[in-house]
J.: 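Below: one structure in structure tokens.
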Amino acid sequence: MKFKKKILCIGAGYVGGPSMAMIAYKCPDYMVTVVDINQARIDAWNSAELPVYEPGLDEIIKKTRGRNLFFTKDIEKQIAENDIIFVSVNTPTKTFGKGAGKAADLQFLEKTARQILEHSQSPKIVIEKSTLPVKTAQAMERILSSTKRNITFDVISNPEFMSEGTAMNDLDKPDRVLIGSHETKSGLKARAELVDIYARWVPKEKIITSNIWSAELSKLVANAFLAQRVSSINSISALCEKTDADISEVAKAVGMDSRIGSKFLKAGIGFGGSCFKKDILNLVYLCNYYGLKDVADYWESVIKINEYQQDRFIANILGSMFNTLAGKKICLLGFAFKADTGDTRESPAIYITRKLLAEHAQVVISDPKALKNAAIDLAQDQGSKISYIEDPYLAASGCHALVILTDWELYKKLDFQKIYNSMVKPTFLFDGRNAIDHKKCFDFGFNVYPIGKPALSHLMD
Ligand code: UDX
Ligand code: UDX
């Protein structure tokens, strides 16, 4: 079959895989190829068990794979054959050298830019899909124009705003698609080419264009604002616990102000995921770099509150359980950083588990999708004290406490009477997501400790 356009994506991760699947699905006349240096990842994309769990992704892959969506490791050949190249390689926080712990590690991005340069024989549009520090496109352009070969490269910033667990819906009906380019003749032409792709299914008014630096910065800022809301509500949850106010009631009352809005006001154990912390650290680094220390400190406090919230949660578990967890069995319900994903990157569950192990607790971890990743995350920890049991009833049986860490829908529907009956007494329930009916669980006999609400304890009588 002759395809109208050929599109390549380098990086078959959580972003590259689903976003290219959506383009392939919406544009059956385009050929979309996704490459990755990791053979196992490519094999998984070509198998029945995809490397990423995302509701709705399986169906779209079934409809597109082998038709106009292809996964391969053959990066060089694909660079040569495609003129539109998305770059979706990972950009983790640097762990070494200058900016360690804050700046983005751009080595994979730079390596990819060099690969593109080496294997290109015709003009290319190179699209940054990864979240990057503002001005990265400049570095990319400098690498791409570093030889005298007569090939033009237009670098575009098209950050992805999809959220895990709802990625397919976010890709299908995005709030906006942002495309940043240079405002030169060839930059605008490249921008138009990308607008054409999205216009196949996204209403024109939702496709916004900007200069390239605004696009890069907007992605960082959007994530920073979202994380800031989570830290804001979590900071108030601490005050609620001191004053007998109820954080859900406060969030509702505050969020009904249309200027504030109701989303992202759910108190919990703090945000996780591969983006929020990394992107804020990145923003902090950038602000410091440009001499804006007060601005950097302001954003850094969002991360500090996130860590404070997790420490507070652990202190509450320890304090409520008579200041000793040694030898006690604690069941964690949920390990993923949020519901509807198997992703555990930066999940608060990792930190919380380690703190419980440090208190010599035995930890039983349950999660419908994230147990494989949990075992990888905790591979270096005291293996003998951790067990992994998917069935929540079996996991909870014989435990002293239940700790809800992920707001999986299935936890709301559990038979908590049955669970209570199988646990050691007195029985503790720490709901780190305010996900379940606390009063009902209290009536079954649990001592219930929500976030930002008064505890319901039989031990206080
Ligand atoms: C994305 C974005 O790219 C990142 O900037 C954003 O902030 C988080 O989301 P994600 O798709 O979640 O990253 O990362 P990951 O699942 O790790 O996928 C990246 C893929 O790129 C990996 O499969 C990795 O093997 C691949 N890769 C990395 C390459 O193909 N080439 C490289 O040189 C480096
Ligand atoms: C985020 C952004 O939402 C998305 O636009 C961007 O492209 C990538 O980063 P993601 O990390 O997948 O997406 O998840 P998100 O839904 O934003 O949740 C992040 C964390 O905040 C989760 O740990 C979640 O549990 C937590 N959260 C979110 C809260 O604790 N309370 C809330 O009200 C909302």
Side-chain angles (χ1 to χ4, degrees), residues 9-20 34-42 44-45 51-52 54 71 73 75 78 86-93 104-116 128-133 136 159-167 170-171 174-176 178 218-220 222-234 237 247 251 255 261-280 282 306 309-310 334 336-341 343-349 405-408 432-435 451:
C9 176
I10 304 178
Y14 284 87
V15 172
S19 50
M20 291 305 119
V34 188
V35 292
D36 200 292
I37 44 169
N38 181 340
Q39 181 71 54
R41 270 240 160 140
I42 290 297
W45 280 110
V52 167
E54 197 56 66
F71 294 92
K73 205 172 159 271
I75 302 182
Q78 292 303 329
F86 285 88
V87 178
S88 186
V89 298
N90 41 337
T91 49
T93 304
D105 184 347
L106 298 176
Q107 60 170 311
F108 304 126
L109 193 91
E110 173 162 346
K111 204 185 96 209
T112 304
R114 289 182 192 282
Q115 268 180 325
I116 295 175
E128 302 174 341
K129 201 77 179 137
S130 309
T131 308
L132 301 166
T136 304
E160 185 47 68
F161 294 102
M162 72 185 209
S163 157
E164 284 177 39
T166 54
D170 297 343
L171 288 164
D175 284 352
R176 78 303 207 186
L178 174 58
S218 300
K219 171 66 201 254
L220 284 185
N223 274 349
F225 272 47
L226 289 168
Q228 180 207 41
R229 281 177 74 94
V230 176
S231 278
S232 296
I233 201 72
N234 282 342
S237 75
I247 195 65
S262 61
K263 292 182 182 164
F264 263 71
L265 287 182
K266 211 161 175 307
I269 45 168
F271 56 78
S274 73
C275 289
F276 282 3
K277 186 174 170 194
K278 168 172 78 71
D279 291 352
I280 293 174
N282 208 324
N306 202 48
Q309 187 74 350
Q310 291 170 38
F337 81 98
K338 63 189 265 195
D340 293 323
T341 175
D343 193 355
T344 58
R345 289 178 293 176
E346 297 292 339
S347 177
L405 296 184
T406 311
D407 45 351
W408 284 103
R433 297 290 187 170
N434 287 343
I451 299 265

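Counting convention: from 1, in listed order, for ligands and their atoms alike.
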J.: Return the minimal non-hydrogen interatomic distance between G11 and C9, and the atom names on each side.
T.: O-SG, 3.6 Å
J.: Can you list the atoms of ligand 1 that are under 4.0 Å from a heavy atom of S88?
T.: 3 (O), 19 (C)
J.: Show me which atoms of ligand 1 lie under 4.0 Å from any heavy atom of R41.
T.: 15 (P), 16 (O), 18 (O), 22 (C), 23 (O)
J.: For ligand 1, is there an N or O atom under 3.5 Å from any N or O atom of V89?
T.: yes
J.: Ignoring angles and geometry beyond distance, decide whether I37 reaches within less than 3.5 Å of ligand 1 through its nitrogen or oxygen atoms.
T.: yes
J.: In ligand 1, which numbered atoms sit nearer than 4.0 Å to a non-hydrogen atom of N38?
T.: 25 (O)
J.: Short question: side chain of D36, backbone of N38 - any donor-acceptor pair under 3.5 Å?
T.: yes
J.: Indicate yes or no for a side-chain donor-acceptor contact from D340 to the backbone of T166 under 3.5 Å, with no hydrogens or angles considered.
T.: no
J.: Can you list the atoms of ligand 1 that are under 4.0 Å from a heavy atom of S130?
T.: 2 (C), 3 (O), 5 (O)
J.: Residue by residue, ordered by chain and number, which ones reach under 4.0 Å of ligand 2 with a heavy atom?
T.: E160, F161, M162, S163, E164, K219, N223, L226, V230, F264, L265, K266, F271, G272, C275, F276, F337, K338, R433
J.: Does K338 form a side chain to side chain donor-acceptor pair (under 3.5 Å) with S347? I'd like the steps, not just the answer.
T.: CA-CA 8 Å; K338 63 189 265 195; S347 177; over 6 Å; no
J.: What I'd like to find out is whether the side chain of I37 reaches to under 4.5 Å of the side chain of K111, using heavy atoms alone.
T.: yes
J.: In terms of relative ring orientation, are W45 and F71 parallel, tilted or perpendicular, with 30° and 60° separating the classes?
T.: parallel
J.: If I compare all heavy atoms of G272 with all of P348, which pair ends up nearest, and what's the gap?
T.: CA-CD, 4.0 Å
J.: For R345, which residues count as a side chain to side chain contact (heavy atoms under 4.5 Å, CB included) partner, sequence neighbours excluded?
T.: Y14, E164, S274, D343
J.: We want to know whether E128 and T136 form a side-chain donor-acceptor pair, criterion being a heavy-atom distance below 3.5 angstrom.
T.: no
